[in-house]
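Below is one structure, written out as structure tokens; the observations come after it.
When a residue number appears, it is its place in the shown sequence, counting from 1. Atoms within each ligand, like the ligands themselves, are counted from 1 in listed order.
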Amino acid sequence: MKRILFAITLSIASACLAAETVPLTSLDLANLHFEGWSKPKVDKAFSGKPLSIAGQKFQSGIGTRALSTLWLELDGRAQKFLASVGVDDGAPNEAASAFFTIIGDGKKLWTSGAMKRGEAAKVVDLSLKGIRSLLLKVDHVGESNTFNHADWAEPRFVVAGAKPRTVNAPAEKKVILTPKPPRAPHINGPKVYGCRPGHPFIYRIPTTGERPIRFTADGLPASLRLDAETGIITGTAPARGEFTVTFHAKNRHGSATRTLKIVSGDTLALTPPMGWNHWYAHYNRVTDVMMREAADVMVRTGMADVGYSYVNIDDCWMNATPDAKRTPDPLRVGPFRDAAGNILPNKYFPDMRAMTDYIHARGLKAGIYTSPGPLTCAGYCGAYQHEEQDARLFAEWGFDFLKYDWCSYSHIAEGKDPKAKNIYLWGKTAPSLQALQHPYRLMGSILQRLPRDIVFNLCQYGMGDVWEWGAEIGGHCWRTAGDLGAELNRIFAVALKNAEYRQWSKPGAWNDPDYIQIGFIGDARTSGAPKPCPLTPTEQYSFMSLWSLMAAPLFYSGDMSQLDPFTLNVLCNPEVIEVNQDPLGDSAAVVKLTDDTFLMVKRMEDGSKAVGLCNRGETKETVTAKWSDIGITGKKTVRDLWRQRDLGKFDGQFTATVPRHGVVLVRVR
Ligand code: GLA
């Protein structure tokens with residue numbers, strides 16, 4: 001009798017518990033992972049308006065934006081997840097779309113498919129029987145943009161046991177894959193190098209191995225000299241022609257040899273430029289001291305030994321107008337130009353020439369930044385109506401790279417008064433192609449006439465399909481999209497999008513998907529001091545693998561003073577960098593396998609293929625590269641580039657297990 005009573009009580013109790021509904025919005029949402037600008041909202045759409053999907057209004061829910069993820073821990077006794085999902089009516093663009101996925105214990109339990117704005121909400125009524133780990137994810141369809149507002153409307157759990165708990169994304173250990181460079185010398189760097197006849201020449205032979213190393217060179221043009229101790233070549237670029245130089249490097253452990261083809265002609269950046277840019281580390285806090293330190297660190301840490309050479313300053317080296325909100329630092333406020341119209345650096349840059357001398361003394365190159373508009377994006381003095389004068393001064397100061405950032409030029413392109421207030425705010429109407437090209441064509445022709453090699457980086461976020469005309473107007477690389485700063489979770493989407501422009505990538509002409517942001521980086525939303533980047537170790541490897549496969553300019557943009565062994569291992573693997581620097585200049589083609597997995601295939605000059613087996617999904621996947629997909633036949637050696645290890649001979653295909661958000665990078669010979 002007692003037992004029966006107990007059983008009845010128990011079943012009544014569990015029936016009561018089964019009835020407990022736990023709204024998702026009642027849980028701690030601090031773990032809702034979202035890296036874009038602004039923030040997801042509770043009980044409101046992302047826009048701040050009421051939640052609304054195809055006219056249907058909802059009182060409660062989460063208004064977020066693709067891409068966002070929320071991980072939850074369940075006790076195995078949760079019964080159901082219920083919600084209505086869709087693109088919010090307040091999404092500011094009719095192309096807005098989203099893709100909702102629910103993953104339980106590593107398996108896809110539910111997907112909405114691609115949804116558009118105006119499409120009726122889809123109802124989720126999902127059994128969670130036995131599930132312990134749950135992921136709610138909103139992805140974009142194709143490459144993201146800022147307008148993919150997505151609603152989890154009335155999201156709730158029905159639980160028999162404990163309430164679900166939101167948790168961080170699965171943690172990963174930082175595993176160093178790149179083997180330590182051998183103590184004997186190994187010469188790295190590009191196989192081909194462009195310069196213009198008669199211009200100042202500087203090249204540091206990137207070489208790993210224990211110092212001291214003694215360098216010699218055969219076939220060096222007479223106008224160049226090599227410093228045997230530092231491996232730095234200086235002098236004047238030879239007359240037009242091709243010069244095959246053989247470098248030798250020797251230390252007490254052994255010796256190495258490598259050839260470099262110097263092409264003295266019209267084209268610079270015959271391989272993607274590599275270096276460091278201050279922006280994502282220091283924003284408007286940059287100083288001359290930081291630039292010098294970056295040059296020192298580049299040499300001291302071995303970055304220069306694997307090919308990094310540009311030390312580039314971004315915005316905020318000039319003066320700004322007094323504006324307490326944008327420029328709180330009075331030392332960056334002052335007159336824009338002197339009486340002769342020469343642009344004035346701010347107080348943190350006492351002597352530009354001394355700074356570039358310092359960088360050049362280490363065999364490195366220096367880069368500078370300005371805007372064709374009256375003001376830069378951060379509100380500092382731009383080059384408008386001083387283009388030639390500024391470019392000449394940059395050359396006199398000794399700069400080797402110019403980033404030219406559209407910013408306030410919108411207002412010029414639209415015919416607005418350049419002296420108007422708020423000139424740095426974005427324009428409202430799309431300029432014509434001619435107007436888009438005009439400032440870049442102008443600066444391109446000025447740079448071509450200067451007696452100095454200056455790599456020209458077009459920064460106008462991909463407007464007017466810049467990849468189609470960037471090279472023609474004198475550019476060597478061009479940003480293909482907006483800032484990747486606060487949108488690091490987009491690296492796979494950016495790579496897929498960038499691959500669409502791969503036909504325009506070639507020596508001297510590179511698609512630039514923005515900087516490598518790993519290690520310690522600043523916060524793009526607050527311009528805050530550098531802190532560990534939000535990417536997992538796997539994602540950091542993926543960043544470098546994807547950028548190498550795309551033949552993207554390789555600019556690290558984290559804090560050089562906080563480079564740790566893990567970050568250096570990601571940045572400095574010579575076999576990975578060789579993929580990026582291959583002289584053919586091919587940018588990888590994408591072979592799409594599933595929603596989550598794809599291959600990136602890059603043709604290399606020696607006939608081999610660099611292949612990325614990519615998984616942008618949330619669970620590990622088995623990915624197969626069939627020889628027919630990568631355009632080869634027969635038995636091939638497959639080499640793991642991160643571990644620098646041959647994996648064996650494979651016939652017909654190669655299969656790997658690729659972790660969540662991972663890329664397995666191999667070379668197939
Ligand atoms: C724009 C560019 C960035 C950076 C900033 C500087 O946003 O896209 O790369 O140069 O301006 O203000």
* Part of T376 with heavy atoms under 4.0 Å of ligand 1, whether side chain, backbone, both or neither -> neither

* So W467 and Y501, would you call those rings parallel, tilted or perpendicular, with 30° and 60° as cut-offs? -> parallel

* Residues which pass ring-ring contact (aromatic ring centres under 6.0 Å, His included) with Y369, listed by chain and number, not counting sequence neighbours -> none

* To do: Kindly write out the residues that satisfy side-chain hydrogen bond (donor to acceptor under 3.5 Å, both in side chains) with S542, not counting sequence neighbours, or none if the list is empty.
  => none

* When you measure from atom 3 (C) of ligand 1 to each heavy atom in D315, D483, D314, which option holds the nearest one? -> D483

* Is the closest N or O pair between K403 and ligand 1 shorter than 3.5 Å? -> yes

* To do: Would you please determine whether Y461 falls within less than 4.0 Å of ligand 1 on a heavy-atom basis?
  => yes

* **Atoms of ligand 1, numbered as shown, that sit under 4.0 Å from any heavy atom of C459** => 2 (C), 8 (O)

* Short list, please: which atoms of ligand 1 are under 4.0 Å from a heavy atom of A378? -> 12 (O)

* R616 side chain vs A493 backbone, donor-acceptor pair below 3.5 Å -> no

* Taking atom types as modelled, is there a side-chain donor on Y358 or D288 under 3.5 Å from an acceptor on the other? -> no

* To do: Look only at interatomic distance and state if W279 has a nitrogen or oxygen under 3.5 Å from any nitrogen or oxygen of ligand 1.
  => no

* To do: Classify the side-chain pair N511/W478 by whether it contains a donor and acceptor separated by less than 3.5 Å.
  => yes

